[in-house]
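The structure under discussion appears below in the form of structure tokens.
Just so it is clear, the structure is predicted and the values come from calculations on it, not from any experiment. Reminder, nothing fancy here: chain letters follow the sequence lines and each chain counts from 1.
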Protein chains: 2
Amino acid sequence: MPTVSSEELAAAAGVNSAKLRKDFSYLGSYGTRGVGYDVEYLVYQISRELGLTQDWPVVIVGIGNLGAALANYGGFASRGFRVAALIDADPAMAGKPVAGIPVQHTDELEKIIDDNGVSIGVIATPAGAAQQVCERLVAAGVTSILNFAPTVLSVPDGVDVRKVDLSIELQILAFHEQRKAGEEAEAQAVAEATKDSGKGPDGDVPAVMPA
Amino acid sequence: MPTVSSEELAAAAGVNSAKLRKDFSYLGSYGTRGVGYDVEYLVYQISRELGLTQDWPVVIVGIGNLGAALANYGGFASRGFRVAALIDADPAMAGKPVAGIPVQHTDELEKIIDDNGVSIGVIATPAGAAQQVCERLVAAGVTSILNFAPTVLSVPDGVDVRKVDLSIELQILAFHEQRKAGEEAEAQAVAEATKDSGKGPDGDVPAVMPA
DNA sequence: CGGTGTGAAGAGCTTCACAGCA
DNA sequence: TGCTGTGAAGCTCTTCACACCG
């Protein structure tokens, strides 16, 4: 498949084709009228724009279950990320290989970051250690941090932090699950009301509709 | 602090106070004019609306590093989630306790879900196993799935799936990181141009501005 | 003809500004 | 007086619709 139309891509992605074309147009005019987009060229342009064509050395601090899971995660390599080092505060972990990479002690943190030109750090430590680790990362030159610890990190201007809270997604599911149950109950109540009397459902469910 | 104003909450959250009041108003009129919101009552109402006051039994399928990390994750219990069971396909794992819960074999999946009235399942298996596990969960009565496996799951209507891709957040950081670098380079180029000749930067950077 | 690129219309979300109530 | 709740204005993002080009 050498070319693809905005209509096809939009159907595959579940969005409107006009939106897709408009979004692409911000990257430049890479399509051909009457034909569509050259797949290979488009992939390259999007990859370049997203930074996938670069090599991003990353350090992971805190090699517990989560840190190990991240180190083993295959998705990183394919998106331009390279795990430059695994760092843990436990001296017993030092030297132990995880995902084929030997764990290094926290003492080495500054040197590792400097030697590898690391600008992105991942924090997978317990909550108590996160802020301190964060400060050391920033002081050593890291300007983007992905935080898995359940704490809000404070950082100086110019440093980006993204927080991943594994329970938030569950909470969103639970929210919708609750809605499903509520709607059933409401539908049932309406049915009852229709069958029995003129009284409707108690109407206490507010009109909230999040993503 | 028994009450709090929309202004205070907005400042803490980094949003506009009018937006906060409007959002709250969708849940009902829980504030008092001239005073603010009763903290305890507000917390309760928001918790109830979000479903945090309910008990949600959850099963985690696939007890590798990630599954173990999830099982150990403290944030679940405090948000109304209860890990009803850990399930793995490896018979060697069966009976082994993870986070104090004995791992059970996949054979038990249907029974566990039925016995515990589970409606939310977490998939932390390798990509290859995910779709099959998903189908068994759905057949057994699960209607919400949180998918950590790097695969797109297909499910029947009425089943919610949320996919967590651990590398996407990194990619967003890398994107901004690239922008930072690009802006520096551009600023430098502009400085050069100003200093040397009339020729500007090559102007190939398109005007994209994602979240 | 077929499909992109885009001005214009439309929808939804955010902010303003203030009436109204404790 | 002080702060909520909310109509209206403003803004951004999405979709429509079509000129234009290969």
Side-chain angles (χ1 to χ4, degrees), chain A residues 1-50 160 162 168-169 171-172 175-176 179 183 202-211, chain B residues 1-50 160 162 168-169 171-172 175-176 179 183 202-211:
Chain A
M1 199 176 199
T3 66
V4 65
S5 71
S6 61
E7 202 68 56
E8 291 169 286
L9 283 175
V15 299
N16 182 294
S17 68
K19 173 162 163 42
L20 199 137
R21 286 200 300 281
K22 184 147 274 185
D23 284 358
F24 281 2
S25 77
Y26 288 113
L27 306 178
S29 295
Y30 298 143
T32 308
R33 291 166 193 234
V35 178
Y37 298 89
D38 181 89
V39 172
E40 196 181 341
Y41 188 56
L42 183 64
V43 166
Y44 169 71
Q45 288 299 345
I46 294 175
S47 299
R48 190 180 53 79
E49 190 66 36
L50 294 178
D160 282 342
R162 293 191 73 87
I168 278 200
E169 296 290 324
Q171 209 166 309
I172 294 170
F175 181 83
H176 289 297
R179 293 254 129 189
E183 271 154 37
D202 46 30
D204 234 345
V205 181
V208 187
M209 216 242 0
Chain B
M1 199 178 199
T3 66
V4 65
S5 71
S6 62
E7 203 66 56
E8 292 169 285
L9 283 175
V15 299
N16 182 294
S17 66
K19 173 162 160 46
L20 198 137
R21 286 200 299 281
K22 184 148 274 183
D23 284 358
F24 281 2
S25 77
Y26 288 114
L27 307 177
S29 295
Y30 298 143
T32 308
R33 289 164 194 235
V35 178
Y37 298 88
D38 181 89
V39 172
E40 196 181 339
Y41 188 56
L42 183 64
V43 167
Y44 169 71
Q45 289 298 345
I46 293 175
S47 299
R48 189 179 53 78
E49 190 66 36
L50 294 178
D160 281 341
R162 294 191 72 87
I168 278 200
E169 296 290 324
Q171 209 166 309
I172 294 170
F175 180 84
H176 289 298
R179 293 254 130 191
E183 271 153 36
D202 46 30
D204 234 346
V205 182
V208 187
M209 217 246 357

Using OP1 and OP2 only, check whether a side-chain N or O of [X] sits under 4.0 Å from [N].
X: A:Lys19; N: D:dT15; answer: no
X: A:Tyr37; N: C:dG5; answer: yes
X: A:Ser6; N: C:dG3; answer: no

Atom pair distance, as rounded to whole Å: [atom1] in [X] and [atom2] in [N]:
X: B:Arg33; N: D:dT4; atom1: CZ; atom2: C1'; value: 5 Å
X: B:Asn16; N: D:dT6; atom1: CG; atom2: P; value: 17 Å
X: A:Phe24; N: C:dG5; atom1: CZ; atom2: P; value: 10 Å
X: B:Lys22; N: C:dC18; atom1: NZ; atom2: P; value: 15 Å
X: B:Asp23; N: D:dG5; atom1: CG; atom2: C1'; value: 13 Å
X: B:Tyr26; N: C:dG12; atom1: OH; atom2: P; value: 12 Å
X: A:Asp38; N: D:dG22; atom1: CG; atom2: P; value: 16 Å
X: A:Arg21; N: C:dT6; atom1: CZ; atom2: C1'; value: 9 Å

Answer with yes or no after comparing the ring centroid distance for A:Tyr41 and A:Tyr30 against a 6.0 Å cut-off, counting only values under it.
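Between A:Tyr41 and A:Tyr30, the centre distance is under 6.0 Å.
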
If you measure from CD on B:Glu8 to CE on B:Met1, what distance do you get to the nearest 0.5 Å?
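Result: 4.0 Å between the selected atoms.
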
Side-chain donor-acceptor pair under 3.5 Å between B:Glu40 and B:Tyr44, yes or no?
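Not at all, the side chains of B:Glu40 and B:Tyr44 share no donor-acceptor pair under 3.5 Å.
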
Test log, rule salt bridge (charged side-chain N to carboxylate O under 4.0 Å, His left out), inputs B:Glu49 and A:Arg179
CA-CA 10 Å; B:Glu49 190 66 36; A:Arg179 293 254 129 189; 3.0 Å; yes

Which one, C:dG7, C:dT15, D:dT4, comes nearest to the side chain of B:Ser5?
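For the B:Ser5 side chain, the nearest candidate turns out to be D:dT4.
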
